[in-house]
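Numbers restart at 1 for each chain; the letters A, B, ... are given by sequence-line order, proteins then strands. Because the structure is predicted, anything quoted here is derived from the model rather than measured.
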Amino acid sequence: MTMRFSMWLSGRLLVPKGESKYARLRLVRSAALIAIVMIPLVLALIFMDGMMNGITDKYILLQDGHIQLHVEDPLFDSQYDVSAIDPRLESADYVVSGYGIVYSRDTTAEVRIKGVDISYFNENRMTQLEFTGEPLKKEGSLAAVMLSTTIAQKLGVEVGQRVAFMVVPDSSSSVVRPVLANVTALYDSGYHELDSSLLFMNRDDAMRYFPKDRNAYTELLVSRDHVDDLGAIVATLESAMDKNFPYATWDEFNGTVYQNFITSRQVILLVFMMILLVAGVYVSSIAQEMIQDSMQSIALFKTLGATNSNLSWAYFCSVMVVTSIGLVAGVSLGLLIGSQIGVLLHWLGNSGLAGLQYYLLDFRIVISWRDILAISFSMLVISSVTVRLSLGRIRRISPLEMLQQD
Amino acid sequence: MTKELLRFHTVTKTFVSGQSQLVILEDLDFVLYSGTSVAITGKSGSGKSTLLNIAGGLDKPSAGSVSFLGRELGALNDKDLSAFRNRHIGFVFQSHILLDDFTALENVCVPALIRGARQADAVKRAKELLDRVGLSDRLQHRPQKLSGGERQRVAICRALVNAPDLIIADEPTGSLDEESSSGIETLLTDIVREEGKTLLMVTHDTQLASRCSTVYLLHNRTLQEME
Ligand SMILES: Nc1ncnc2c1ncn2[C@@H]1O[C@H](COP(=O)(O)OP(=O)(O)OP(=O)(O)O)[C@@H](O)[C@H]1O
Ligand SMILES: [Mg+2]
């Protein structure tokens with residue numbers, strides 16, 4: 001019932017009329033400041049999530065696949081449509097891989113050599129890389145390889161030239177000798193860390209250097225919505241083919257990378273919380289200022305019969321409305337700028353800023369609504385607690401105060 | 001037939017400031033009957049405002065008790081005391097009386113809104129009252145844009161908006177020039193009589209005092225009735 005007065009007063013505090021220009025300005029300034037705090041938080045979240053997802057995608061699509069079935073012979077031929085077995089599956093590729101060292105006249109690079117068929121570069125994977133030249137095209141008897149532009153630059157080689165490489169043997173009994181290969185193409189995945197250690201080789205050539213009993217496997221990709229069902233997908237495959245497969249999933253290979261992402265994400269969210277705490281203190285100072293400026297009015301309201309809770313509610317609601325407006329404005333602006341983050345990063349990338357090569361500068365925008373909601377909600381909860389605390393001041397204003405000030 | 005509205009029973013009020021104790025009211029007995037108008041006069045600093053504050057539930061006696069319509073005010077908690085002031089008392093003060101950021105109309109509405117009245121009802125009642133005191137063309141004016149007399153008339157409307165039993169006025173004409181103060185005097189006493197309310201007023205103004213049914217002098221910490 002008396003809530004009506006609180007709501008009325010709260011509305012009047014939010015829309016100060018007449019002389020109280022200063023009060024109006026203060027509300028706008030407060031909302032703007034809250035928005036300014038929220039914008040970078042939302043941007044950071046979009047950047048972080050987009051980049052982590054982007055990097056994870058690159059590792060999955062180019063390096064490890066979602067699932068590796070460790071079976072030495074091909075399970076499917078390259079034309080076979082695996083989605084017929086399980087619609088969650090997108091592709092299956094027979095791969096032979098191992099480690100090696102690539103030489104040029106001046107320097108060397110340690111690489112993971114991945115022997116693949118040309119069909120490996122399907123639509124899915126082509127979203128992750130660009131290449132120049134004709135990948136893995138055989139000319140003569142030399143092995144055909146595709147280097148990353150990063151490695152090519154390091155070695156100082158170009159398409160059409162040759163490099164020497166040496167396979168790192170699995171056992172000491174193997175004989176190690178350098179062999180030559182044709183560089184038929186260069187690729188660029190956009191992520192330097194991955195590029196600097198991955199080399200593609202024609203699969204037939206790779207089979208000559210790596211024993212298939214240890215180094216061959218079938219790499220499966222599943223659709224984006226089912227990355228959490230990997231175990232179930234393998235089970236379906238096993239029952240369909242009536243065989244058991246030793247298998248590994250992508251997170252086992254990139255455990256540290258993945259774990260690092262999760263940890264950094266948690267640390268960043270923690271930092272966000274501290275920023276929100278500071279923002280909460282700021283919001284409570286708005287409440288304090290508002291009360292400070294209207295001690296006389298509060299005393300008069302009390303004389304006329306307003307209770308502490310009437311007045312607290314009124315001030316609480318106005319401050320929270322200002323906070324919410326700032327919050328919504330900040331999040332919206334953050335999302336708007338975030339959706340243009342590609343442009344921003346492109347510009348940054350071209351600026352030649354050092355250290356950027358460790359970041360992925362071209363990725364799909366990922367908006368984690370859950371986190372944005374969590375941040376907004378935390379902001380509201382933290383502010384409402386700090387504001388409530390600062391409203392204790394209202395309790396200490398006595399109605400007589402108004403009469404004593406002459 | 002005359003109902004007892006307010007009773008002071010051996011009320012003592014002392015203020016402690018530092019080491020010294022200041023006794024303002026001592027063993028004061030006083031009964032205010034419904035429908036009467038009472039004026040209190042006395043020297044400056046004699047404790048008139050203190051007495052009104054206690055009567056209006058803004059301050060508490062140091063000893064003794066105050067009852068309103070038979071109810072002991074000392075037994076009420078903060079919330080109930082606020083509700084009591086809101087419903088039963090209308091205050092008119094000498095100065096610092098209106099909310100500066102609010103219009104005349106809003107100022108009058110405040111006690112009704114606090115009571116829980118719907119805004120439309122509060123506005124309707126406030127407009128009637130403002131009309132009655134001749135301010136129907138000043139509804140949207142802010143206090144700074146009103147004359148002293150007009151402000152006091154707004155304050156009188158605000159005191160009446162909840163139709164309280166008792167109007168407490170502390171030197172309502174104290175800060176006005178002679179002309180506007182005589183207007184306020186007539187208005188206050190007339191309106192109180194017409195609405196059948198009770199008036200408890202402090203004034204130095206003998207003219208105003210003479211309009212009241214009883215006049216008391218606050219002297220030597222207690223009230224003496226004047227003939
Ligand atoms: N909160 C307080 N603390 C200490 N002393 C106070 C307090 N309030 C009032 N007094 C003292 O009590 C005495 C009476 O004050 P009060 O305001 O009731 O006088 P008054 O009769 O209304 O005077 P005036 O005619 O000037 O308004 C004064 O001496 C004043 O200094
Ligand atoms: Mg006084």
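- Within the 4.5 angstrom heavy-atom criterion, no atom of B:F84 approaches chain A.
- Remark: A:R26 pairs with A:Y22, A:A23, A:R29, A:S30, A:E289, A:M290, A:D293 by the side chain to side chain contact (heavy atoms under 4.5 Å, CB included) rule, at least two apart or across chains.
- By the 6.0 Å contact criterion, CD on B:E178 is open, its count of non-hydrogen atoms from other residues, nucleotides or ligands being 12 or less.
- Nearest approach of A:F5 to B:L113, heavy atoms of both residues: CB-O, 3.3 Å.
- In this structure the side chain of B:Q119 never reaches within 4.5 angstrom of the side chain of A:R4, judged on heavy atoms.
- Each of A:G305, A:S297, A:S294 has some count of heavy-atom pairs under 4.5 Å with chain B, and the biggest count is that of A:G305.
- One distance of note links CG of A:L300 with CG of B:L99; it measures 4.5 Å at 0.5 Å rounding.
- In this structure, B:H141 places its NE2 atom where more than 12 heavy-atom neighbours from other residues, nucleotides or ligands lie under 6.0 Å away.
- When the side chain to side chain contact (heavy atoms under 4.5 Å, CB included) test is applied to A:I262, the partners found at least two apart in sequence or on another chain are A:Y258, A:Q259, A:Q266.
- Here the CG-CD1 distance, from A:L311 to B:I114, works out to 7.5 Å after rounding to the nearest 0.5 Å.
- Surrounding CZ of A:F377 are at most 12 heavy atoms belonging to other residues, nucleotides or ligands under 6.0 Å away.
- Side-chain contact check for A:L9 versus B:F102: some heavy-atom pair is nearer than 4.5 Å.
- Contacts between residues 59-78 of chain B and chain A, defined by a heavy-atom separation under 4.5 Å, are made by B:D59, B:D78.
- Considering all non-hydrogen atoms of both residues, A:L400 and B:N53 come closest at CD2-ND2, 3.4 Å.
- Looking at every heavy atom in both residues, B:S82 comes nearest to A:T307 through CB-CG2, 3.8 Å.
- Closest non-hydrogen pair, A:R12 versus B:R142, comes out as NH2-NH1, 4.3 Å.
- Among the residues in residues 151-170 of chain B, those with a non-hydrogen atom closer than 4.5 angstrom to a non-hydrogen atom of chain A are B:R158.
- More than 12 heavy-atom neighbours from other residues, nucleotides or ligands sit within 6.0 angstrom of CZ on A:R388.
- For the residue pair B:N86 and A:L304, the shortest heavy atom distance occurs at ND2-O, 2.9 Å.
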